Amino acid sequence: MVVLFCIIYLAVLAVMRLEAFDTPLKIALLMPAAMAAMLVTVLLNQQTAILFVVMLSLGILCASNFMLAPTLFAFFSGIAGVSVIRNMRKRFDLVKSACILALINPLIIIVISVALPDPVNDLSFLIAMASVNGFMGGILVIGFLPILETALNTSTSFRLMEFSDLNSPIMKKMLLTASGTYNHSIMVATLAESACREIGADPLVARVGAYYHDIGKMEQSEYFVENQVDGNKHLALNPRLSATVIRSHVKQGVEKAIQMRLPRQVVDIIAEHHGNSVISYFYNEAKKLDETVDPENFTYPGNPPRSKESAVVMLADVVEAACRTLEKPSVPRLEKFITELVNKK
Ligand SMILES: [Fe+2]
Ligand SMILES: [Fe+2]
């Protein structure tokens, strides 16, 4: 935001010195206010973007020696940018918003030229330029966004949509090497997504987080119960070793996610999906052999969830895994069982 602000502020200062830009409205047309506002909306959020537009307009007011026309244009064009881009899901929607801005910007110019007493000589030229300003703003967002979202590693809805593609190589590999985990992840994603929608958290973050939450299981998939088709591998291991293998899927998942440059929120979900809970089955087995066993060796290495989405994925994960094992499931039995699981967490 600081970089965008400085670029636009300096651009106004530079343009003020040029002969060609003799009228305030012409200065206004060079300001990529809508583009800046759209970038902030997608990369951060709408509230921040509105605040940014206000600050930017005040900056332009100072830089332009208190001329109202460029300030008002930057403000209204910026607000238009924020409102056309919210709730966008696909990159193609950005092209649509560029076209909408190409129509809104000329309207802003007409209103300003009518409302302000400054003389306007070539209104048709200004209208055409305002339209170009709006359209180019939208198109430049398409160009800058992939670079900025990768550099900042933010989870924009566009990037999350790309990661939610089940045809990606990693998800296909999971289907082949750990089909049980794959099915489990899809179920967790469905549960977490609808739960997040209910509580006003971000359903898309939860869905992508759930798809990838167990990617750390892929290397040793046969040690996880959902993938075991021919016998339990843990029967041949001592409980301590079993717990080590189970625990490692969190760390390996985080490493894989960082390698794949998954958004930070998704990496957090992977790191936190078991919190710092104890792997009770193997802990109890170990206790049968040796009373003095250290629970530290049977504890997941993560922290408890810090975001709503992460907490929802954690709950969906235990619920999905545990309900598979429930014998003769009925609605009342499931409801009771799920309430117990959730309260325990
Ligand atoms: Fe897990
Ligand atoms: Fe899981």
Side-chain angles (χ1 to χ4, degrees), residues 163-164 166 168 170-171 173-196 201 203 205-229 232-234 237 239 241-260 262 265-283 297-326 334 337-338 340-342 344-345:
F163 281 119
S164 75
L166 291 177
S168 63
I170 180 102
M171 292 309 282
K173 192 176 164 205
M174 195 200 276
L175 176 61
L176 290 175
T177 58
S179 59
T181 303
Y182 178 87
N183 289 323
H184 157 73
S185 303
I186 305 277
M187 273 308 293
V188 173
T190 314
L191 290 172
E193 187 182 16
S194 41
C196 278
V205 171
R207 177 145 69 97
V208 177
Y211 282 161
Y212 291 92
H213 81 282
D214 275 337
I215 46 168
K217 288 183 179 178
M218 277 162 61
E219 304 308 323
Q220 291 168 306
S221 60
E222 66 281 8
Y223 285 94
F224 297 88
V225 63
E226 66 268 24
N227 302 314
Q228 282 166 359
V229 273
N232 184 354
K233 282 238 173 190
H234 292 287
L237 298 179
L241 199 57
S242 293
T244 308
V245 176
I246 303 275
R247 276 170 54 165
S248 68
H249 87 272
V250 174
K251 202 168 152 249
Q252 282 178 4
V254 170
E255 277 165 12
K256 216 176 206 134
I258 292 172
Q259 220 174 43
M260 288 170 63
L262 288 180
Q265 277 168 294
V266 176
V267 179
D268 287 346
I269 289 179
I270 298 172
E272 296 165 356
H273 81 277
H274 288 290
N276 49 9
S277 56
V278 175
I279 307 169
S280 49
Y281 176 78
F282 289 112
Y283 177 56
N297 294 327
F298 296 84
T299 307
Y300 279 108
N303 291 315
R306 285 168 299 174
S307 67
K308 284 185 192 175
E309 293 80 12
S310 183
V312 168
V313 171
M314 172 191 255
L315 294 175
D317 186 36
V318 263
V319 166
E320 207 283 328
C323 288
R324 270 171 198 271
T325 62
L326 196 66
L334 273 170
F337 187 49
I338 292 170
E340 272 169 24
L341 287 170
V342 169
K344 216 159 120 193
K345 274 290 167 194

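The structure displayed is predicted, hence computed values, not measured ones. FYI, the numbering just counts along the sequence from 1. When a ligand or atom number is given, it counts from 1 through the structure's own listing order.
Here CD of Q228 is found 9.5 Å from OG of S221. Values are rounded to the nearest 0.5 Å.
Taking 2.8 Å as the criterion, H213 does not count as a coordinating residue of the Fe ion (ligand 1), since none of its N, O or S atoms falls below it. Taking 2.8 Å as the criterion, H273 does not count as a coordinating residue of the Fe ion (ligand 2), since none of its N, O or S atoms falls below it. Inclusion of D317 in the first shell of the Fe ion (ligand 1) is not supported: no N, O or S atom falls under 2.8 Å.
A donor atom on one side chain and an acceptor atom on the other are not found under 3.5 Å apart for S307 and D268. No side-chain N or O of H213 forms a donor-acceptor pair with one of H274 less than 3.5 Å apart.
Considering just the N/O/S atoms of D214, the one nearest the Fe ion (ligand 2) carries the name OD2. Take the N/O/S atoms of H184: the one nearest the Fe ion (ligand 2) is NE2.
Between the side chain of N276 and the backbone N or O of Y300, no donor-acceptor pair lies under 3.5 Å.
Rounded to 10°, the angle formed at the Fe ion (ligand 1) by NE2 of H274 and NE2 of H249 is 90°.
Screening E222, Q252, E226, M174 for a side-chain contact (heavy atoms from CB on, under 4.5 Å) involving K217 leaves a single residue, E226.
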